[in-house]
Peer 1: 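I'd like to ask you about the structure that follows.
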Amino acid sequence: MAAGKEIQKGDVLLELEDVHMYFKGVAALSGVSLKIRKGEIHSVIGPNGAGKTVMMNCINGLYRPQQGSVSYKGERVNHLRPYQRAKLGMARTFQKVEVFGGLTVLDNIRLGRHLHYRAGVLSGAFYLGKAKKEEIEHRAFIEEQIIDLLEIEQIRHKPVGMLPYGLQKRVELGRALALEPELLILDEPLAGLNLEEVEDMARFILDINEEKRWRVTCLLVEHDMGVVMDLSDRIFVLNFGNMISDGTPDEVQNNPEVIKAYLGEEDLYATRR
Amino acid sequence: MSTTWLPCGKYHETYTQDHAWWQTTFIRGKMIALFAVLFVGIPLLADDYGLSICNNVGYTVLGALGVQLLIGYCGQITLGHAAFLAVGAYTSTLMILEFPWPQALLDWGLAYPISILVAAVVAGIWSVFFGLPSAKVKGFYLILTTMAAQFITVDFIITQYVSQIGGRGQAFSLPVGTIKVGPWVIDSDLKVYFMMLVLSIFLIAVMVNLLRSRVGRAWVAIRDNDISASVMGINVFGYKLLAFFVAGFIGGIAGAFWISNLAAISPEHFPWSWSLWLVGVILIGGVGSIHGTVFGSIFMVVVIEALQLVIMQFVDTSWGSRLFMDFLFIKEAAFGLVICAFMIFEPNGIAYRWWQAKNYFNLWPFSY
Ligand SMILES: Nc1ncnc2c1ncn2[C@@H]1O[C@H](COP(=O)(O)OP(=O)(O)OP(=O)(O)O)[C@@H](O)[C@H]1O
Ligand SMILES: [Mg+2]
């Protein structure tokens, strides 16, 4: 990835400080602070409309908060556009899948590798040396590292738009992974999946985080409490744009404020959409 | 890119094979046959009338390629592409007429080829200039700014100022012998035909290559979902401008090529209707398809020629001669009708029908 300080496991990779985001005067985030450490799976939970997606958009640059700072590896990135933040090592998936529906699985994942390709207009136009060689190299990478990991060999040449929702989500994860990111933002990767797909997806997330090959720091937005409690190193609870808790799964589960925010949903584990 | 149907029991064993252009012997054979027809068959069999139709098709293909790139692959709707063809034609013409070429370059027949290259670059840069609004506007509003390209470039700058250079009046005519490529003076339909063929094949190959490499994929990503594209690390605005540059570049070549076929160049060769026509060609042929660009060009040129031939049959009757005199308007009406018909009956264009037919034969006898 692009130049930048090497961050050790346990160091702060991403930091939000007092982030405010308003839409026409309505606050979606009012003073959110968060530290994500390298190597962790840090989850963000909260009721619908709490501002989780807005928070993710602020982190990867789709939104620019009116106040507060977003820093990545110790450097303020507020002014950077999404593509520049991708260059720094951020990747993400979306709550409602945002795949390139008309393109094949392979081309979707290839697009995820955009930053790793080098060919420019000229070498591309003539498909000479560099362009040709790198197409083959990246193809090998995609096949061996991503298609294999996500078990999508059968559908590599299929247009993504024609696949069932669960597989689209998987392809979107593969595409994000193809960036070889340091920070992977997953906005509700389990929403809309059936039980078996949820298990698969949870396993992939764990693999991506733990396997020596990847060791990707994950920022996970999720409603499925069972999975969140199992996977997360830390959990951040957001309600109406405010943090109400940030700690280990145990701490969060026993926090009275959290229980109050989820009032009426007697059991945290029952919150499954 | 879609994948090729392989015969049963055949599989690619390396990624290189899966990435190749012509993946089976059958396809290679087909392509060789096509080239034989284009380079040997047509030149041997066609008369000047036939060749001039082919040249028209080629010019339409060259013009429409840039439109296809912008609309079909990058999702940037343009209604002013004739402006960049005009910039190419005028740059090349003016260089031939006004540039103090060293005698050696003239003797070697390099002046015109060099002017084509310069024309391409100038048209490319000019196109980028009109692509700048795409940073902020999309869809309908972008259509308006690209229309501005047409009116500012052709109706204002070229008609009012560029045409006055050298005091030749409205039209620039190129002296015999100035359009020279290497040892060949381009002075017959046949030579124009060969030049057209080489340029078209070359530029189509360039487009296909671009589309299967990093740059082309980025364009398609922007077309399909610009937010996702930016999250993938694609500099959306930069790649849009690159698309405008390449489209203008190809348009510049098209315009500079076409002066070899014109006795005199004037702004009337690049009207706004020609910009619309080029968009119509890709709508009919198929948006987002290189095949479609070629099919659309063939279809439009042939339909209009056929219409003209039919009307010619009746030129002795009073209404026939009337129709013949008004052919310019009839042509445009026919164009409009054809587009309407396609939008209603085959919105995916000819290329889609082609693809269906191909699949039918590939899967035969199990094609249902
Ligand atoms: N672009 C926008 N313009 C105006 N308001 C917005 C915009 N994006 C989000 N909001 C508002 O911000 C609030 C937080 O929305 P957000 O999508 O972040 O919720 P969420 O926590 O992701 O909820 P869910 O669990 O349903 O995905 C909502 O009230 C929403 O209406
Ligand atoms: Mg959300």
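Every chain is numbered from 1, with letters handed out A, B, ... down the list of sequences. Because only heavy atoms are used, hydrogens play no part in the values below, and waters and symmetry mates are left out as well, while side chains stay in.
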Peer 1: For the CE atom on A/Met162, are there more than 12 heavy atoms of other groups (residues, nucleotides or ligands in this structure) within a distance under 6.0 Å?
Peer 2: no
Peer 1: Using a heavy-atom distance cut-off of less than 4.5 Å, which residues of residues 222-232 of chain B contact chain A?
Peer 2: B/Asp224, B/Asn225, B/Ile227, B/Ser228, B/Ala229, B/Ser230, B/Val231, B/Met232
Peer 1: Looking at A/Arg81, I'd like to know if its CZ atom is crowded, meaning that more than 12 non-hydrogen atoms belonging to other residues, nucleotides or ligands lie closer than 6.0 Å.
Peer 2: no
Peer 1: Looking at A/Pro82, A/Ala125, A/Ala91, which one has more heavy-atom pairs under 4.5 Å with chain B than the rest?
Peer 2: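 With the most close heavy-atom pairs to chain B, the winner is A/Ala125.
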Peer 1: Heavy-atom pairs under 4.5 Å with chain B - which of A/Arg113, A/Arg85, A/Glu172, A/Glu143 has more of them than the others?
Peer 2: A/Glu143
Peer 1: Just checking heavy atoms, which of residues 124-138 of chain B are less than 4.5 Å from chain A?
Peer 2: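 Contacts with chain A: none.
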Peer 1: Give a yes or no on this: more than 12 heavy atoms of other residues, nucleotides or ligands lie within 6.0 Å of atom OH of A/Tyr165.
Peer 2: yes
Peer 1: In terms of heavy-atom pairs under 4.5 Å, which option from B/Leu242, B/Val246, B/Asn235, B/Val215 contacts chain A the most?
Peer 2: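 Greatest number of close heavy-atom pairs with chain A: B/Asn235.
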Peer 1: To the nearest 0.5 Å, what is the distance between CZ (A/Arg110) and CZ (B/Arg214)?
Peer 2: 14.5 Å
Peer 1: Could I get the full list of side chain to side chain donor-acceptor pair (under 3.5 Å) partners for A/Asn108, not counting sequence neighbours?
Peer 2: none
Peer 1: Relative to chain B, which of A/Val121, A/Leu106, A/Val99 shows the most heavy atom pairs under 4.5 Å?
Peer 2: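 So the answer, after comparing A/Val121, A/Leu106, A/Val99, is A/Val121.
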Peer 1: Given side chains that start at C-beta, do those of B/Tyr239 and A/His114 come closer than 4.5 Å, heavy atoms only?
Peer 2: yes
Peer 1: Which atom names give the shortest non-hydrogen contact between B/Ser213 and A/Gly124, and what distance separates them?
Peer 2: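 Closest heavy-atom pair between B/Ser213 and A/Gly124: OG-CA, 3.5 Å.
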Peer 1: Got a sec, which pairs hit ring pair (Phe, Tyr, Trp, His ring centres under 6.0 Å) with one end in residues 195-222 of chain B, sequence neighbours left out?
Peer 2: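 Ring pair (Phe, Tyr, Trp, His ring centres under 6.0 Å) check on residues 195-222 of chain B returns A/Phe126-B/Phe202.
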Peer 1: Hey, does B/Ile234 have a side-chain heavy atom less than 4.5 Å from the side chain of A/Leu111?
Peer 2: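 Side chain of A/Leu111 against side chain of B/Ile234, heavy atoms only: contact under 4.5 Å found.
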Peer 1: With a cut-off of 6.0 Å (strictly less than), are more than 12 heavy atoms of other residues, nucleotides or ligands near CD of A/Glu153?
Peer 2: yes
Peer 1: When you look at CH2 of B/Trp354, are more than 12 heavy atoms from neighbouring residues, nucleotides or ligands closer to it than 6.0 Å?
Peer 2: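 Open.
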Peer 1: Under 4.5 Å from any heavy atom of chain A, what part of B/Phe249 do you find: side chain, backbone, both or neither?
Peer 2: neither
Peer 1: Sort A/Ala140 into side chain, backbone, both or neither according to what part of it lies under 4.5 angstrom from a heavy atom of chain B.
Peer 2: both
